Amino acid sequence: MLEIKACIFDLDGVVVDTAKYHYLAWKRLASELGFEFHEKDNERLKGISRLDSLNILLEIGGVTLNEKEKEFLAVRKNQWYLEYIAKMTPDEILPGVRAFIDELKVNRVKIGLGSASKNAVLILNQLGIIHLFETIVDGTKVSNAKPDPEIFLLAARDLNVAPSQSIVFEDAEAGVEAAIRGGFKCVGIGNPAVLFKANIVVPNFIGMTMSKFLSLIN
Ligand code: B16
Ligand code: MG
């Protein structure tokens with residue numbers, strides 16, 4: 001049977017739903033720029049970097065800007081996003097996640113975070129779970145965004161575990177692709193139609209245990 005020595009978690013959409021706050025902040029920016037940003041388009045921004053998200057938003061609105069202007073707007077959006085994050089509480093950890101992480105700890109499975117977000121440390125502190133992660137690889141530490149596997153490969157290196165003996169948990173298409181390209185086992189959290197490249201897809205962590213994941217992957 002497959003032996004798993006590490007689990008690497010994406011943040012937004014896996015541990016916590018910050019997508020709703022990203023959406024509110026992008027929507028506010030779109031409205032300032034004079035166009036509507038709809039929730040269905042927010043799917044396209046999941047798992048990708050702040051600047052890549054801004055470029056998609058501007059493409060949706062048909063707005064062309066230079067790099068300096070883009071940088072200014074990305075900072076502005078992040079300031080609004082941080083106002084929402086500052087109000088987050090541990091109640092916002094997604095159902096079943098904490099129990100699953102506790103099970104991993106008992107079984108000495110190593111735990112890492114692999115998130116595109118530059119606010120990951122702040123969010124984990126806000127949720128009161130930062131101490132559970134042995135490594136945190138976030139958007140401040142990599143030069144290549146998902147679907148490049150760099151984020152997850154760095155996390156596996158820090159944990160001193162081979163990708164083939166690690167499971168990545170991801171909710172975004174770009175993140176699943178990054179995990180598979182890096183040689184990891186990947187559990188998709190969410191919609192199987194979107195995350196079809198993952199080894200398995202489950203709707204959430206409710207009632208999930210390591211042995212259940214392993215029996216589904218094998
Ligand atoms: P920030 P993840 C990603 O987090 C979000 O899914 C994505 O929507 C966001 O653009 C990205 O973080 C960057 O976030 O603006 O906080 O640096 O899913 O990789 O944990
Ligand atoms: Mg995500």
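All values reported here derive from a predicted model rather than from experimental measurement. In each ligand, atom 1 is the first atom listed, and ligand 1 is the first ligand listed. What's counted below: heavy atoms across the whole structure, side chains too, no hydrogens, waters or symmetry copies.
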Among non-hydrogen protein atoms, atom 19 (O) of ligand 1 lies closest to Ala116 N, 2.7 Å

Determine whether a donor-acceptor pair (N or O, by modelled atom type, separation under 3.5 Å) exists between the side chain of Glu103 and the backbone of Met210. yes

Could you check if a side-chain atom of Trp80 sits within less than 4.5 angstrom of a side-chain atom of Arg76, using non-hydrogen atoms only? yes

Is the shortest heavy-atom distance from the side chain of Leu132 to the side chain of Arg98 under 4.5 Å? yes

Answer yes or no: is there a donor N or O on one side and an acceptor on the other, between the side chain of Thr18 and the main chain of Tyr21, under 3.5 Å? no

Who's the nearest protein heavy-atom neighbour of atom 14 (O) of ligand 1, and how far? Ser117 CA, 3.4 Å

Of Glu177, Glu170, Glu173, the one forming a salt bridge (charged side-chain N to carboxylate O under 4.0 Å, His left out) with Lys146 is Glu170

Please check if Leu113 and Ile111 belong to a single hydrophobic cluster, counting links between Ile, Leu, Val, Met, Phe, Trp and Tyr side chain heavy atoms closer than 4.5 Å. yes

Could you tell me whether Tyr81 and ligand 1 have an N or O pair separated by under 3.5 Å? no

What protein N/O/S atoms sit under 2.8 Å from the Mg ion (ligand 2), by chain and number? Asp10 OD2, Asp12 O, Asp171 OD1

In plain terms, say whether Glu150 and Lys141 are close enough for a salt bridge, that is, a side-chain N and a carboxylate O under 4.0 Å apart. no

Just to check, does Glu170 reach to within less than 4.0 Å of ligand 1 when the distance is taken from its heavy atoms? no

Aromatic rings Phe37 and Tyr23: how do their planes relate, parallel, tilted or perpendicular, breaks at 30° and 60°? tilted

Is it the case that the side chains of Lys70 and Asn55 hold a donor-acceptor pair, with the cut-off being a distance below 3.5 Å and no angle test? yes

Can you get from Phe152 to Leu104 by hopping between Ile, Leu, Val, Met, Phe, Trp and Tyr side chains that sit under 4.5 Å apart? no

Would you mind running through ligand 1 and noting each atom that sits below 4.0 Å from a heavy atom of Leu11? 20 (O)

Check each atom of ligand 1 against the heavy atoms of Lys118 and keep those under 4.0 Å away; list them by number with element. 1 (P), 16 (O), 17 (O)

Below a 4.0 angstrom heavy-atom separation, can you tell me which part of His22, side chain or backbone, both or neither, approaches ligand 1? side chain

Can any side-chain N or O of Asn107 pair as donor or acceptor with the backbone N or O of Val109 at less than 3.5 Å? no

For atom 10 (O) of ligand 1, what is the nearest protein heavy atom, given as residue, atom name and distance? Ile48 O, 2.7 Å

Compute the minimum heavy-atom distance from Gly47 to ligand 1 and say whether it is under 4.0 Å. yes

What atoms of ligand 1 come closer than 4.0 angstrom to any heavy atom of Ser115? 2 (P), 4 (O), 19 (O), 20 (O)

Who are the side chain to side chain donor-acceptor pair (under 3.5 Å) partners of Asn42, not counting sequence neighbours? none

Ser53 near ligand 1 by a heavy-atom separation under 4.0 Å: yes

Do side-chain atoms of Asp12 reach the backbone of Ala19 as a donor and acceptor pair under 3.5 angstrom? yes

What verdict does the ring-ring contact (aromatic ring centres under 6.0 Å, His included) test give for Phe169 and Phe9, after you've listed the backbone C-alpha separation in whole Å, the side-chain angles of each residue and the deciding distance to 0.1 Å? CA-CA 5 Å; Phe169 295 88; Phe9 294 81; 5.0 Å; yes

Heavy-atom proximity to atom 4 (O) of ligand 1, best of Leu122, Asp12, Val16, Asn42: Asp12

Would you tell me whether His22 and Lys46 have side-chain atoms, one donor and one acceptor, within less than 3.5 Å of each other? no

So for ligand 1, is Lys146 a polar contact partner (N or O within less than 3.5 Å, distance only)? yes

Ignoring angles and geometry beyond distance, decide whether Lys46 reaches within less than 3.5 Å of ligand 1 through its nitrogen or oxygen atoms. no

What are the atoms of ligand 1, with element, lying closer than 4.0 Å to any heavy atom of Asn119? 1 (P), 16 (O)

Nearest protein heavy atom to atom 8 (O) of ligand 1, by residue and atom, and its distance? Leu45 O, 2.8 Å

re atom 15 (O) of ligand 1, the protein heavy-atom contact at minimum distance is Arg50 NE, 2.7 Å

Taking atom 2 (P) of ligand 1 as the reference point, the nearest protein heavy atom with its distance: Asp10 OD1, 3.0 Å

